[in-house]
Amino acid sequence: MPTDILTAASPVAPPPPADGNPLYLVDGSGFIFRAYHALPPLSRPDGTPVNAVMGFTNMLMRLLAELKAEAVAVIFDSKRINFRNEFYPDYKAHRPDPPEDLRPQFALIREAVEAFSLPCIELEGYEADDLIATYARQARALGRPVTIVSSDKDLMQLVGDGIRMLDPMKNRLIGPDEVFEKFGVAPEKVVDVQALAGDSVDNVPGVPGIGVKTAAQLITEYGSLEVLLERAAEIKQAGRRQKLIDNADMARISKRLVQLEENAPVPVPVEALKVREPDVNRLLSWLGVQGFRSIIAKVKAEIAEDGTLADGAAISAAAGTGGGEQGLRDLRAALDGRSYAPPAAAPDAREDAHIPRPATVEYILVDTEEALAAWVAEGLEAGVVALDTETDGLTPMRANLVGISLATRPGRACYIPVAHIDPSTPKDGAGGLDFGDAAPPPRQIQAARALEILRPLLEHPGVLKVGHNIKFDWQMFAKNGIKVDPIDDTMLRSYVIGGGRHGHGMDELAQRHLGITCITYDEVTGTGKARVTFDRVPLDKATSYAAEDADITLRLWHVLRHDVLADRMVTVYETIDRPLIRVVADMEMEGVLVDRQVLRELSSDFAKKMVEFEADIQKLAGREFNVGSPKQLGEILFDEMKLSGSKKSSKTGAWSTDSSVLEELADLGIPIAQKVLDWRQFQKLKSTYTDTLGEQINPVTGRVHTSFALAATSTGRLSSTDPNLQNIPIRTEEGRKIRRAFVAAPGHRIMSVDYSQIELRIVAEMAGIPALQQAFRDGIDIHAMTASQVFNVPLDQMTSEIRRRAKAINFGIIYGISSFGLSRQLGIAPGEAGAFIKAYFERFPELQAYMEKTKAEAREHGFVRTLLGRKCWIPGIQEKGARKAYAERQAINAPIQGTAADIIKRAMIRLPGALADAGLKARMLLQVHDELLFEVPDAEVEATSTLVRAVMEGAADIGIPLVAEAGTGASWAEAH
DNA sequence: CTAGGCACCTA
DNA sequence: GTAGGTGCCTAGG
């Protein structure tokens, strides 16, 4: 009669209300063996067996995702020896060693706990069961219900009164009824039964000849072990009576062995056993190493459910319902439906709980290998480290590594100099030949040694390496043969949250999020003539600066990890910006081959032309002056030559001499105006391109390595600097010649693949304009088609002038059209331009509705979104007048430009793998917003072209097809 | 020596 | 009308 016994055994005092936060206590050690024996053998690609790890990880996922557990601890045995061995040395003495293919899994299971950011508890001298008992008792004292995740019978003594067990393998709950089924007594009496019956596996002696059945019968009859032993003489059966009398002490010892310790000095208070927000990067990275693909899918589904827009699949699915247009509207509606706090003035420092506030700050100089090894161990233990590199230059391909800083927890960081020299060392070329007088370099670890000691940390798949603009550091390490992985970037995290709202430099973010004013680079190295490279910065100063950078990066990571999640930007960050880091890093390091000779010849050509034009200009002006000075030119033209047609700038009061002014004059037949325009063209081409580009050729690689900024634009586009290779001339014949200098290595061709009309396609889909969508599906000339519709001209009567006007409007749409802007573009009156726009809106009414909706969205939220969910902040949208009108144009343009940027980024992420999978050796060299440039082996041109176009066209399903076109040649001029 | 303005290159 | 970057000139330290 289980119920009777249960009732009788209920505690006298009423149980405390079980309204607290449920606590889940996972018996990690017990689980390992159960899972190992229950699951078939399974191993990772590298051969490491992982069946128990897989079972364990799945169980954790269920606990977190299905049961939504908020308080979880995973508890392990510490060593084989514990306090029970003090009074019974043979306890668990006969346990065989774990099987060979289970041993490596112990450490992996602890890694799993870390990867899920769960508390991992063990205590020397105690078994997992004792810690579980202690926590269970403490949680009950707080009125919290407890679930013990285990099927170990030794834990059954704890069941009842708000404590239950969950068998993680069978997914079965164990309550008092199930315990009774097993032991024939209520949970409270289980220890007594075990004390009598003993346990051969754990080497608990018990009383010989008495098993569970007999023990339960005896305990039920006498009420408890003590009473039974006292009254053993009363037992009728002679053999049983004698055994009990002879083995009374053994039974008492056995009870002490099986009785769990409920007052263990647990290392973490019960209140602290909380489910922390998992670090998705670290978790996915760890799961990836184990090869747990199905679990990765589950985690990603959880993230998506968490609120972030899922990527391509969701876009396609949404676009698929109701034929694209409606689907996208649904998507937009879904996006619009989200509630966001209106943009407020950012406070100088925030006060949420996510901000780490270390009590002390330790910045340590590391100059011995032993000390560095200790920091590596600390980093491995931490699982997340922030790092920063100090160099003697700003362009990674030319800079040398000078030092490395590392932070292992907020407030604790070190600086490892590896190439510092004494500050008094003469600078190159400045101090003559007196190098012998220089002081010796300070004590430090050799760069190569330091890197080898750091390598296990930097390449460890279970340790996340965080950097602020980590692309730079990744390249510095890659140059030294270390592929840092996995990586995370606080600058890019900030960018996906606040792109267009504020800058993302570390100093600014430290001020904004942490209220900390960082030491500036200028303070450390000086400025101007006094500036020194970082290798000459004294080590104390260098340590303060560099260690702070790593520390601040780590602290920002904690804040921004939370913010990206809370802002539901995880998918954009994880599927676009973070994976792009390595792709762009590789692209930059690859560089592009530039023919210096071609540039020299062009420079010389351009110089000759400039001399000729300059002489003509001086002659026409009647005196010598600096043609390159707009101020002097304005004085010549409008004061001395008394020409009209210009206005004075309101800022400086100088005459405007820009190209539109000069073109008007040239059209009036004034020769000096055209000459100046021509001179300026060559001046620009020579100074910005042919002269400068040659200097940018890296002496080591012989190629030009631009730097792409990943967090510079408000729309999600990349930008390119040092040199900017996204603005190489193409429009004029003379300018286009510069592209002849961008060539392929011997045996290779340059291939350019660009999206055709991608932004107009995006407009057609986002605004839901059926006429435009159909035109794109039919593959007809979009400018001619809009011209025909807007100006009522049949396609077969289309003139180039009418098409030109329609094309200008089409571009105007993308830029957030205004009648003033269009009039200037077309050289017509604003009134006439306004009439064109009106006609366009009448033909495509969906467009006007879309624009109004977008502006309203920007006004309400302060930002707009791309199709893939990227936020583009529009500061100034709440203002009035011209500022507001400008912001409205930005609001209209940003989702269009930004969606195109997202799409090409996705293509870029997929391409290296797709090329490798196809066995193709093509290298991606440059991105120019809607174009990708490749260097392709001669024999692989056709296959590469087909593959790249397919990947680019398939990068997103926006409804209407995307079209990519490829061109190939010996140089960029021929390929485009 | 630096910062701002101008001019002009790209998508 | 959108989004960028660079070189040159010049004013103001």
Side chain to side chain, A/Met587 and A/Leu926, heavy atoms closer than 4.5 Å: no
Touch class at under 4.0 angstrom, heavy-atom based, for A/Asn626 against every strand present: sugar-phosphate
A/Arg703 side chain to A/Glu590 backbone, donor-acceptor under 3.5 Å: yes
A/Asp902 and A/Thr866: side chain donor to acceptor below 3.5 Å: yes
Rounded interatomic separation in angstrom, taking OH from A/Tyr689 and P from B/dC9: 7 Å
N or O in side chain of A/Ser656 less than 4.0 angstrom from B/dC6 OP1/OP2: no
Residue-level proximity of residues 806-823 of chain A to DNA chain C when a heavy atom falls under 4.0 Å: A/Ala808, A/Gly812, A/Tyr815, A/Ile817, A/Ser818, A/Phe820, A/Gly821, A/Leu822
Length of the CH2-C1' vector between A/Trp655 and B/dC6, whole Å: 17 Å
Protein-nucleotide distance (A/Lys651, atom NZ; B/dG4, atom P), rounded to Å: 11 Å
Distance, rounded to the nearest Å, where A/Asp754 contributes CG and B/dT10 contributes P: 15 Å
Trace of the side chain to side chain contact (heavy atoms under 4.5 Å, CB included) decision for A/Trp679 with A/Ile617: CA-CA 9 Å; A/Trp679 179 89; A/Ile617 290 163; 3.8 Å; yes
Between B/dA7 (P) and A/Leu685 (CG): distance, integer Å: 18 Å
With sequence neighbours excluded, residues passing side-chain hydrogen bond (donor to acceptor under 3.5 Å, both in side chains) with A/Glu852: A/Lys855
Derivation and outcome, side chain to side chain contact (heavy atoms under 4.5 Å, CB included), residues A/Glu734 and A/Phe606: CA-CA 9 Å; A/Glu734 291 296 322; A/Phe606 294 160; 3.6 Å; yes
Touch class at under 4.0 angstrom, heavy-atom based, for A/Gln897 against every strand present: base
Sugar-phosphate, base or nothing in reach of A/Glu759, heavy atoms under 4.0 Å: nothing
A/Thr713 and A/Tyr495 side chains, donor-acceptor separation under 3.5 Å: yes
Range on DNA chain C touched by chain A, heavy atoms, distance below 4.0 Å: C/dG1 to C/dA11
Partner residues of A/Tyr573 under the ring-ring contact (aromatic ring centres under 6.0 Å, His included) criterion, sequence neighbours left out: none
Interatomic distance where CD belongs to A/Glu734 and C1' belongs to B/dC9 [whole Å]: 15 Å
N or O in side chain of A/Lys684 less than 4.0 angstrom from B/dC9 OP1/OP2: no
Sugar-phosphate only, base, or nothing, as touched by A/Ile728 at under 4.0 Å among non-hydrogen atoms: sugar-phosphate
Stepwise salt bridge (Lys or Arg N to Asp or Glu O under 4.0 Å) test for A/Glu614 and A/Lys675: CA-CA 8 Å; A/Glu614 191 165 354; A/Lys675 298 275 184 196; over 6 Å; no
Between CG on residue A/Leu932 and CD1 on residue A/Ile904, distance to nearest 0.5 Å: 4.0 Å
Lys NZ or Arg CZ of A/Lys871 over A/Phe863 ring: under 6.0 Å, within 45°: yes
Salt-bridge contact A/Lys609-A/Glu612 (side-chain N to carboxylate O under 4.0 Å): no
Flag for A/Thr854-A/Arg865: side-chain donor and acceptor within less than 3.5 Å: no
Sugar-phosphate, base or nothing in reach of A/Gln632, heavy atoms under 4.0 Å: sugar-phosphate
Pair A/Gln681, A/Thr732: side-chain N/O donor-acceptor within cut-off below 3.5 Å: yes
DNA chain B contacts among residues 706-724 of chain A, heavy-atom distance under 4.0 Å: A/Arg717
Nearest-angstrom distance from the residue atom CG of A/Leu725 to C1' of B/dA11: 14 Å
For atom CD of A/Gln757 and atom P of B/dA11, their distance in whole Å: 13 Å
Touch class at under 4.0 angstrom, heavy-atom based, for A/Thr527 against every strand present: nothing
Within-4.5 Å side-chain heavy-atom neighbours: A/His705 and A/Arg398: no
Paired stretches of DNA chain C - 3 or more consecutive Watson-Crick or G-U pairs, each distance under 3.5 Å: B:1-11 with C:2-12
